[in-house]
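Just follow the structure's listing: the first ligand is 1, and inside any ligand the first atom is 1.
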Amino acid sequence: MQSRKLLEEESPKGKWSLRNFEIGKPLGKGKFGRVYVAREVKSKYIVALKIIFKEQIEKYRIHHQLRREMEIQTTLKHPNILRLFGWFHDDERIFLILEYAHNGELYKELRKKGHLTERQAATYILSLTRALVYCHEKHVIHRDIKPENLLLDHEGRLKIADFGWSVQSRSKRHTMCGTLDYLAPEMVEKKAHDYAVDNWTLGILCYEFLYGVPPFEAESQIETFRRITEVDLSFPPTPCVSSEAKNLISRVSLYSYSKRLSLQKIMEHPWINKNADPIVICNK
Ligand code: AMP
């Protein structure tokens, strides 16, 4: 039997090496490396091993981003956040030992289906909100939540992955980062921003889950900027989406971040109450 507890007990920091793992099939290729399914020899626990070449880290000058991602992700232990169990390196590569998300990217599911059902969308939004409450309590702002950064485990449970753009902060931030379509107005306008940027993104994702496209998508970046800053939000007639869902999206997608629904209020919203699977497992 495979045991996660055993894996965690067997992993005094810095003691891992490639000898501890049997490498299986490739899971995917990212900008900075490849990911393989792997099995830890002693515990037989299945993980995802992300391999990043040091050369790439130097080339793209991502030392700080990677270190931050590793430091933040190891401290986060929540059912909807992908675990980083540890890491090790050799002369050329860095290996991240990650929780295995059997069902891959939520993005792929969304593209395959076109859009999600209200039940699925509400379940994912509740999972995300719970994970963000946890992150914000630990003073972590993710800032780059998008379908590509959301993975699904074998039970269809949502896992936030990729903390490369997150920051641990108690004060307001000024840097602009993240993907354009999901950026809050205060980030587009390079103003100080805080936790409310993640609340904004929940509205964008909720819209994208239900309609299949993000709300401010446009031909050019300039046009997307304009649509975001003017909160040029409209709901197409198809697919048919409930007025409660539209209400939630409209109350999160507000220019003034202090007026956006809080994470607590999102979790208590009637649309969530009515549609989200209470055990937050989205069966397919
Ligand atoms: P990344 O380098 O993080 O963008 O990962 C590249 C691809 O590998 C992603 O698109 C996923 O499909 C896959 N992948 C990454 N991490 C995991 C994981 N923990 N479990 C399963 N698949 C993963």
Side-chain angles (χ1 to χ4, degrees), residues 2 4 7-8 11 16 18 20-40 43-89 92-113 124 127-128 131 135 140 142-166 177-182 201 205 208 281-282 284:
Q2 54 169 266
R4 172 159 156 177
L7 173 96
E8 287 174 308
S11 64
W16 292 113
L18 210 45
N20 298 105
F21 298 92
E22 290 163 357
I23 311 292
K25 66 167 183 170
L27 292 170
K29 193 170 172 286
K31 196 169 169 202
F32 303 112
R34 286 169 194 276
V35 185
Y36 295 86
V37 68
R39 184 164 60 185
E40 200 276 316
S43 64
K44 304 220 182 322
Y45 195 71
I46 304 287
V47 296
L49 211 55
K50 189 170 186 171
I51 305 176
I52 304 167
F53 283 89
K54 289 183 176 175
E55 208 177 50
Q56 293 289 95
I57 298 171
E58 310 233 313
K59 186 173 164 195
Y60 290 98
R61 299 172 179 270
I62 53 160
H63 314 68
H64 296 299
Q65 187 181 329
L66 186 66
R67 177 161 284 277
R68 193 166 55 199
E69 175 174 357
M70 283 159 40
E71 280 168 0
I72 291 177
Q73 212 170 338
T74 29
T75 64
L76 300 176
K77 292 175 186 170
H78 185 277
N80 299 112
I81 297 174
L82 196 81
R83 280 290 308 274
L84 173 60
F85 295 114
W87 65 80
F88 55 95
H89 64 106
E92 289 158 11
R93 300 163 294 183
I94 293 176
F95 300 84
L96 304 186
I97 310 163
L98 291 161
E99 181 178 356
Y100 175 44
H102 184 269
N103 281 318
E105 286 176 34
L106 172 55
Y107 180 75
K108 285 189 185 142
E109 182 182 327
L110 191 59
R111 288 295 159 265
K112 204 167 75 194
K113 293 183 173 164
Y124 289 148
S127 310
L128 261 172
C135 285
V140 171
H142 190 287
R143 305 198 297 181
D144 195 23
I145 300 164
K146 53 185 172 176
E148 295 91 321
N149 287 343
L150 303 176
L151 298 177
L152 300 171
D153 75 2
H154 60 292
E155 292 176 306
R157 194 184 292 121
L158 177 144
K159 306 272 173 181
I160 304 184
D162 209 337
F163 278 77
W165 278 123
S166 58
C177 59
T179 311
L180 203 60
D181 273 302
Y182 304 88
T201 309
L205 277 177
E208 185 167 5
I281 290 173
C282 199
K284 296 200 164 167

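- Taking the side chain as every heavy atom from C-beta outward, I160 and L128 approach each other to under 4.5 Å.
- Looking at E148 and K146, no side-chain N of the basic residue comes within less than 4.0 Å of a carboxylate O on the acidic one, giving no salt bridge.
- Contacts with ligand 1 closer than 4.0 Å are made by side-chain heavy atoms of L82 only, the backbone lying farther away.
- Counting protein heavy atoms only, atom 17 (C) of ligand 1 is closest to L151 CD1, 3.6 Å.
- Distances from atom 20 (N) of ligand 1 to the heavy atoms of G28, A101, G104 put A101 nearest.
- By heavy-atom distance, the residue among K108, K159, R34, E105 lying nearest atom 10 (O) of ligand 1 is E105.
- E208 has a carboxylate O that lies under 4.0 Å from a charged side-chain N of R111, or vice versa, which qualifies the two as a salt bridge.
- Ionic pairing of E109 and K113 is present here: one or more N-O contacts between side-chain nitrogen and carboxylate oxygen are shorter than 4.0 angstrom.
- Near K29, meaning under 4.0 Å from one of its heavy atoms, ligand 1 places the atoms 6 (C), 7 (C).
- Side chains of I97 and L49 form a contact here, defined as non-hydrogen atoms less than 4.5 Å apart.
- At the top of the distance list for atom 4 (O) of ligand 1, counting protein heavy atoms only, stands G30 CA, 3.7 Å.
- For the pair W87 and Q73, the minimum side-chain heavy-atom distance is 4.5 Å or more.
- Proximity of R34 to K29: side-chain heavy atoms (C-beta onward) are separated by under 4.5 Å at one or more points.
- Looking only at heavy atoms of the protein, atom 5 (O) of ligand 1 is closest to V35 CG2, 3.6 Å.
- The nearest heavy-atom contact from the protein to atom 22 (N) of ligand 1 is L27 CD1, 3.7 Å.
- Between the K159 side chain and the L150 main chain, no donor and acceptor come within less than 3.5 Å of each other.
- Of all the heavy atoms of H102, none lies under 4.0 Å from any atom of ligand 1, so neither backbone nor side chain is involved.
- Of the protein's non-hydrogen atoms, E99 O, 2.8 Å is the one closest to atom 19 (N) of ligand 1.
- Distances below 4.0 Å separate heavy atoms of A48 from the following atoms of ligand 1: 18 (C), 19 (N), 20 (N).
- Under a 4.0 Å heavy-atom criterion, K50 is in contact with ligand 1.
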